**Student:** 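Following this message is one structure expressed as structure tokens.
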Amino acid sequence: MLRAEALSKVYHMGEVEIHALRGVSLELVSGELVVLLGASGSGKSTLLNIMGGLDTPTSGQLFYGDTALHQASDRELTRFRRDHVGFVFQFYNLIPSLTARENVAMVTDIARNPMRPEEALERVGLSGRMDHFPAQLSGGEQQRVAIARAVAKRPEILLCDEPTGALDSNTGGLVLDVLQQINQELGTTTAVITHNAIIADMANRVIRLSDGKISDIHTNTTQRPARELQW
Amino acid sequence: MVSAQATLLAKLLREVWLARAQLFAIAIVVAVGVMVLMIMTTAKQSLTNAQQTFYNEHRFADVFLELTRAPRNLLTQVQEMPGVAVAEARIRSAARVEVSGFADPIQAQLVSVPEQQTQLLNTLHLQRGMLPTNSRQVVVAQPFAEAHKLQLHDSITAILNGRRTELEIVGIAISPEYIYQIGPADIMPDYQRYGVLWLREDALAAALDMDGAFNSLLIQLEAQADSATLKLRLDQVFENYGGRGAYTREEQISHRFLSEELKQLGTNAVFLPLVFLGTSAFLFNIFMQRQIHTQQQIIAIMKAFGYRPATIFLHYLGFSSLVVLVGLILGLLLSHWLSATMVELYSLYFSFIDLNVDTNWRSLAIAVLVTFAAGFVGTWRAIYKAIRVPPAQAMRPPNPPNFHQSRINHFIATMRLNQAWRIILRNLVRHPLRSTLSITGVALAGGLLLFGSYQFQAISTMLDRNYRVEQQMDVIVHFSQVTDAQALASLAALPGVNYVEGMRSVPVRLHSGTTVYSTSVSAFSPDSKLRQLASMRSLPDAGLVLTDHLAQQLSLELDQQVRVEFIGERRMTQAIPLVAITNEAIGVGAYMALPELNRILLESDVLSGAWLLIDATEKEALYARLNEMPQIAGYSHIREAEEKLRSYMDDTVLTAMSIIFVLAGSLTFAMVYNNARIALAERERELSTLRVLGYSYAEVAIILFGELLLVVLIAIPLGWLVGFLFAAGMTELMSSELFRIPFVVSRQLFGLSALGVLTAAAIAVMFMLRRLQRIDLVAALKAE
């Protein structure tokens with residue numbers, strides 16, 4: 001579905017060159033849930049950003065189906081994100097002036113084949129809080145709105161950058177549980193970045209990154225339900 | 001502590017540098033406010049000082065009286081009247097003047113100076129030369145001399161009572177009586193075609209047959225004298241001598257123009273700076289709120305390190321102080337430079353002894369105080385809140401902005417809008433004060449544009465009406481005395497004359513109750529092709545027509561009888577019905593059909609002047625012949641006066657309009673740009689999120705600028721209203737006997753105002769688009 005070949009990314013910070021990625025090749029298989037595990041600075045966020053069309057690689061190739069994303073224009077990348085990718089961020093990034101329902105509608109308004117915002121919010125267990133503004137929701141609830149917003153357009157790929165990074169263990173578990181359900185029920189290919197090794201247990205595959213390279217790929221024979229995860 | 005201060009200063013300077021564009025935009029608004037305040041008050045101060053000096057040093061009279069002819073011994077009687085400190089009699093007359101090398105007709109006012117003793121009142125200020133010592137010598141007014149490049153010992157010809165007299169210029173002077181020199185029928189000074197000449201009394205007495213007599217009286221009052229009672233007594237005494245009614249300085253042409261100008265300056269000195277400085281305070285406030293919002297954690301850390309709140313407050317006050325300082329210096333520099341230009345401009349229209357640039361130090365102090373207060377007020381509210389938050393709380397990441405269910409938010413939810421417009425509306429509603437002030441600021445700018453362009457359009461309309469519709473003659477000729485209508489035939493025979501119409505003008509006093517008004521009745525044929533009365537098809541055959549302004553002043557209504565006292569050669573009083581009211585824009589006048597006037601005055605078909613249509617190519621030949629005719633007291637070429645006026649207008653309009661555009665444009669720009677900067681800073685994350693979710697650059701720009709667009713769109717009609725009200729107010733304020741500016745606000749003016757606001761907003765948006773493009777999506781997402 002999404003295929004990366006020898007991706008490299010070099011940032012120039014003043015006079016310093018930072019090699020965030022050094023030749024990463026990987027493929028996301030349709031319907032799988034992948035956890036990208038790595039310490040801070042391992043390159044996992046850079047990889048996710050490139051795969052999501054937020055950034056372009058310095059070298060290497062990236063294909064979504066037959067589309068070459070590594071040489072796509074800003075306009076084409078916007079199109080790719082709009083049609084195929086859902087994002088979940090560490091700090092939720094909800095629009096404060098819109099209610100939960102409207103935040104989801106923000107995406108369904110421009111999507112080709114979306115579900116109704118209400119349906120998306122039901123899926124994340126927030127049917128009772130649809131008309132609340134972000135300021136009136138807890139962190140876990142805000143993150144679930146963000147997930148509803150990400151999946152409402154029925155994306156092929158769901159990319160989650162430290163989705164539990166700002167949450168406590170219980171709330172985090174709840175959020176991951178929602179992600180796992182979505183993956184299983186809708187078959188959305190899901191990639192979760194985290195530095196938390198425990199979360200790896202819920203994945204089909206675990207990819208470890210260190211120093212801009214893939215250091216290990218491990219397939220779980222059984223996936224633990226996210227609800228059982230404790231940290 | 002010293003090094004701590006230095007560190008804070010470094011922080012301040014670097015942050016000011018980072019926000020330089022935004023702060024500079026605010027500084028410009030401050031600068032414009034200071035500049036306008038200083039220019040207006042300096043001009044007012046300079047003019048007032050120059051006026052007072054001139055009046056005092058050259059003993060400007062308090063009461064004036066023009067009459068036909070009175071014996072000199074009446075002066076003693078005047079001097080003994082209660083309240084009279086000094087009285088002086090003199091001779092005044094209109095005349096024609098010729099300057100060699102200048103073909104156009106020149107009208108002049110001849111004024112006598114005493115032969116033996118020195119002048120008592122309205123004394124001349126000789127800039128060069130001396131007073132005349134014999135009847136062949138003359139002192140000319142300085143602007144007239146300058147316009148014709150006349151030097152001492154040059155000669156000019158005066159034509160008085162049909163007699164040509166060659167005069168030697170022995171002095172060039174100005175007088176407190178003629179600070180503003182304007183011809184009797186002019187709207188603007190024309191120094192080439194109108195001048196004031198001072199001759200020895202014997203010269204004028206001889207020419208006008210005034211030996212032992214006078215026709216003009218000047219009076220200086222004692223302190224606390226009652227001028228109203230004196231005026232009544234004077235009118236009684238001089239009733240039989242053709243007195244035209246005593247009047248005070250308030251009705252004296254030069255004084256009145258100057259007073260109007262000073263009044264106007266006073267109004268502008270309050271209103272315009274208030275708009276700009278008020279706007280700057282508001283801009284400071286939103287800038288500082290944002291600045292402090294982003295620095296909440298820094299403030300917390302400073303507090304945690306033990307900085308006192310006062311130190312922190314002073315640190316942030318540094319932002320506004322620095323900007324105010326820059327704006328103040330910039331404004332003062334601009335005003336210093338422009339005040340001189342402004343005063344110079346005034347010296348073209350007002351002749352003073354010495355018109356110095358007198359900086360109004362009090363208003364400088366006010367400018368400093370007000371601008372710093374604006375900065376302080378703008379900063380105080382924002383900082384006060386931040387300093388009070390306990391450090392521990394401030395160091396936590398801020399909660400999402402508190403939007404909550406409210407009636408208005410619920411209402412927005414029910415509207416059929418896309419999410420982008422919901423965001424826009426909710427943000428507007430969330431900051432009602434900020435939104436209101438933004439709208440007000442932009443509306444004021446739009447109003448300023450409409451109001452500014454209105455003035456010029458109104459004056460141009462006034463000129464159109466006066467010269468294209470009401471007065472269609474090319475040349476106006478005045479006879480030396482009332483003449484038989486057969487004189488028209490000889491005028492028609494002159495070279496270049498295509499058409500002739502006769503007219504008659506008679507001085508009158510109009511009585512209504514206790515009110516008396518001195519003016520003259522202009523009479524012409526009801527079939528006149530050259531003279532139309534505004535808002536009337538033709539002059540009625542019988543009855544009196546008055547200008548609306550005059551009818552109002554005399555509280556007269558249609559069909560009422562007006563007591564008309566004729567004070568020309570034939571004196572009589574007659575009740576004449578007011579049959580029509582005309583809304584002529586220039587001057588106040590009374591009109592009658594010529595045959596009717598002559599019938600009332602028991603005279604045959606007589607005239608006091610004529611209107612001509614001429615062939616411009618033959619005007620030199622015509623002038624030459626007119627100059628030779630003793631029966632012609634004077635003539636003026638009205639078409640040329642119009643052209644001169646219009647070319648002057650074109651020059652002035654362009655300059656003034658550009659200034660107004662810059663003023664209003666900078667206001668709009670600063671307002672929109674600042675709002676956009678703040679909006680971008682507040683929503684960077686939100687906008688990045690939308691970009692990541694697949695919203696295109698253009699779609700995101702709509703959310704950012706939609707709010708501004710809405711502000712501008714609401715502000716435009718409000719600006720129209722503001723400008724409309726200003727225009728109406730000014731029309732009312734400026735309405736005087738001299739002229740009434742017609743209240744005409746055309747569609748173009750509304751368009752111009754909207755266009756100006758939209759252009760300034762578009763420029764601000766273009767600046768912002770570049771910034772929007774530079775947002776780092778990933779970095780913005782990571783930020784808490």
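Throughout, a chain's letter reflects where its sequence line sits, starting with A, and its residues are numbered from 1. Keep in mind the model is a prediction, meaning the values are calculated, not measured.
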**Student:** Measure across A:Asp109 and B:Tyr695 and return the closest heavy-atom pair with its distance rounded to 0.1 Å.
**Tutor:**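 That closest heavy-atom pairing would be CB-OH, 4.3 Å.
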
**Student:** Please look at A:Asp74 and chain B and tell me whether the side chain, the backbone, both or neither of the residue comes under 4.5 angstrom of a heavy atom of that chain.
**Tutor:**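 It is the side chain, since no backbone atom gets that close.
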
**Student:** With respect to chain B, which residue among A:Arg82, A:Arg101, A:His132 yields the maximal number of heavy-atom pairs within a distance under 4.5 Å?
**Tutor:**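 Top option by heavy-atom pairs under 4.5 Å: A:Arg82.
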
**Student:** Would you mind checking which part of B:Ile703 comes under 4.5 Å of any heavy atom in chain A, side chain (CB onward), backbone (N, CA, C, O), both or neither?
**Tutor:**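 Looking at B:Ile703, just its side chain touches chain A.
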
**Student:** Tell me, for B:Arg691 versus chain A, whether the close heavy atoms (under 4.5 Å) come from the side chain, the backbone, both or neither.
**Tutor:**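 Contact with chain A is through both the backbone and side chain of B:Arg691.
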
**Student:** Above 12 or not: heavy atoms from other molecules or residues under 6.0 Å from CZ of A:Phe63?
**Tutor:**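 It does: A:Phe63 CZ has more than 12 such atoms within range.
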
**Student:** Using the rule side-chain contact (heavy atoms from CB on, under 4.5 Å), only one of A:Ile95, A:Thr108, A:Leu98 pairs with B:Gln419; which is it?
**Tutor:**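 Of A:Ile95, A:Thr108, A:Leu98, side-chain contact (heavy atoms from CB on, under 4.5 Å) with B:Gln419 is met by A:Leu98 alone.
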
**Student:** Quick check on A:Phe80: does its CZ atom have over 12 non-hydrogen neighbours (other residues, nucleotides or ligands) under 6.0 Å away?
**Tutor:**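 Counting neighbours around CZ of A:Phe80, more than 12 heavy atoms of other residues, nucleotides or ligands fall under 6.0 Å, so yes.
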
**Student:** Count the heavy atoms of every other residue, nucleotide or ligand shown that sit under 6.0 Å from CZ of A:Arg75, and state whether that count exceeds 12.
**Tutor:**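 Counting neighbours around CZ of A:Arg75, 12 or fewer heavy atoms of other residues, nucleotides or ligands fall under 6.0 Å, so no.
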
**Student:** Taking the side chain as every heavy atom from C-beta outward, state whether A:Arg81 and B:Leu693 have any pair of such atoms under 4.5 Å apart.
**Tutor:**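 Heavy-atom side-chain distance check fails, nothing below 4.5 Å.
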
**Student:** Does any backbone or side-chain atom of B:Leu690 lie under 4.5 Å from a heavy atom of chain A? Answer side chain, backbone, both or neither.
**Tutor:**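 Side chain only.
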
**Student:** Tell me, side chain or backbone of A:Arg149 under 4.5 Å from chain B's heavy atoms, or both, or neither?
**Tutor:**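 Side chain of A:Arg149 only, per the 4.5 Å heavy-atom cut-off to chain B.
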
**Student:** Taking all non-hydrogen atoms of both residues, which atom of A:Phe89 and which atom of B:Thr689 are closest, and how far apart?
**Tutor:**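 Of all heavy-atom pairs spanning A:Phe89 and B:Thr689, the closest is CE1-CG2, 4.2 Å.
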
**Student:** I need the single residue from B:Glu686, B:Arg422, B:Arg430 that forms a side-chain contact (heavy atoms from CB on, under 4.5 Å) with A:Ser97. Which is it?
**Tutor:**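 Going through B:Glu686, B:Arg422, B:Arg430 one by one, the side-chain contact (heavy atoms from CB on, under 4.5 Å) with A:Ser97 is satisfied by B:Glu686 alone.
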
**Student:** For atom CZ of A:Arg208, decide whether the heavy atoms of other residues, nucleotides or ligands shown that lie under 6.0 angstrom number more than 12.
**Tutor:**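 Count not over threshold, so no.
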
**Student:** Counting heavy-atom pairs closer than 4.5 Å to chain B, which one of A:Asp83, A:Asp131, A:Leu94 comes out on top?
**Tutor:**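 Of the options given, most contacts go to A:Asp131.
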
**Student:** Could you give the distance from CZ (B:Arg426) to CD (A:Glu102), rounded to the nearest 0.5 Å?
**Tutor:**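 If I round to the nearest 0.5 Å, the distance is 4.0 Å.
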
**Student:** Where on B:Tyr697 is there a heavy atom nearer than 4.5 Å to chain A: the side chain, the backbone, both, or neither?
**Tutor:**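 Neither part.
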
